[in-house]
Amino acid sequence: MRAEALEIIWRTVVAIPRGEIATYGGIARRAGMPGRARLVGHALKAAPAGLELPWHRVLGAGGRIAFPKGSRLYAEQARRLRAEGLEVVDGRVRNSGAPDLDMLLWKPQ
DNA sequence: GTTGTGACATTAT
DNA sequence: CATAATGCCACAA
């Protein structure tokens, strides 16, 4: 069951369109496991490199990068996000004028 | 078995 | 804005 859950999470993450973002909690909900945001984080950490998951599109609540500022992964994620046209300022994705982050968040139909 | 830690979230203070 | 308290669950010691 545990391994299945990881696959579901991976597939959910893969489905995030380029240039859009999602949150850990949001992914968990979309994967049918509300309240299990931490599991999403674990799934990403445990993900094989071969999957080429767009893990950089997964952010913490409020569009904040979940890594410690200055860490290697932090810089890497910011770099990749900027490569997709998103603006990253002080560890968070800057939404241009949008009232809520939900406007940038990936909303599955 | 228990405990502490962690790519988290939400609510309350 | 920042902390703290909970809830959540996988994993390592």
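Chain A is the first sequence line, chain B the second, and so forth, proteins listed ahead of strands; every chain is numbered from 1. Below, all heavy atoms of this structure are taken into account, side chains as well, without hydrogens, waters or symmetry copies.
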Visitor: Could you state the CZ-P distance from A/R30 to B/dA9, rounded to the nearest angstrom?
Guide: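 Those two atoms, CZ and P, are 18 Å apart.
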Visitor: Could you measure the distance from the CD atom of A/E7 to the CG atom of A/L51? Nearest 0.5 Å is fine.
Guide: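 A/E7 atom CD to A/L51 atom CG measures 9.0 Å (nearest 0.5 Å).
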Visitor: What is the first contacted nucleotide of DNA chain C and what is the last, in 5' to 3' order, if contact means an atom lying under 4.0 angstrom from a heavy atom of chain A?
Guide: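 For DNA chain C, the relevant span reads C/dC1 to C/dC11.
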Visitor: Rounded to whole Å, how long is the line connecting atom NE2 of A/H56 with atom P of B/dA7?
Guide: 19 Å
Visitor: Can you tell me the distance, in whole Å, between the CG atom of A/L53 and the C1' atom of B/dA7?
Guide: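 Taking CG of A/L53 and C1' of B/dA7, I get 13 Å after rounding.
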Visitor: Less than 3.5 Å between a donor and an acceptor, one on the side chain of A/Y24 and one on the base of B/dA9, is that the case here?
Guide: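 Checked by distance alone, the answer is no.
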Visitor: What closest approach, in Å, do A/T23 and A/G60 show between heavy atoms, and which atom pair accounts for it?
Guide: CG2-O, 3.9 Å
Visitor: Between the side chain of A/S71 and the main-chain N/O of A/F67, is any donor-acceptor distance below 3.5 Å?
Guide: no
Visitor: Of all residues at least two apart in sequence or in a different chain, which pass the side chain to side chain donor-acceptor pair (under 3.5 Å) check with A/K45?
Guide: none
Visitor: Please give, in whole Å, the distance from B/dA7 P to A/R72 CZ?
Guide: 15 Å
Visitor: In a check of side chain to side chain contact (heavy atoms under 4.5 Å, CB included) between A/V58 and each of A/I16, A/I21, A/I9, which one passes?
Guide: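 Result: among A/I16, A/I21, A/I9, A/I16 is the only option passing the side chain to side chain contact (heavy atoms under 4.5 Å, CB included) with A/V58.
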Visitor: Say you draw a straight line from CZ of A/R57 to CG of A/L86; how long is it, rounded to the nearest 0.5 Å?
Guide: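 Going from CZ on A/R57 over to CG on A/L86, the span is 9.0 Å.
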Visitor: With a 4.0 Å cut-off, would you call A/R80 and A/E84 a salt bridge?
Guide: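 No.
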Visitor: Considering only atom C1', compute the distance from B/dG6 to C/dG7 and round it to an integer number of Å.
Guide: 15 Å
Visitor: Residues from residues 39-48 of chain A sitting under 4.0 Å of DNA chain B, heavy atoms only?
Guide: A/G41, A/L44, A/K45
Visitor: Tell me which of A/R92 and A/G35 sits closer to the 5' end of DNA chain C, going by the nucleotide each one is nearest to.
Guide: A/R92
Visitor: So, for A/W10 and A/A46, which heavy atoms are closest and what is the spacing to 0.1 Å?
Guide: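 Closest heavy-atom pair between A/W10 and A/A46: CZ2-O, 4.0 Å.
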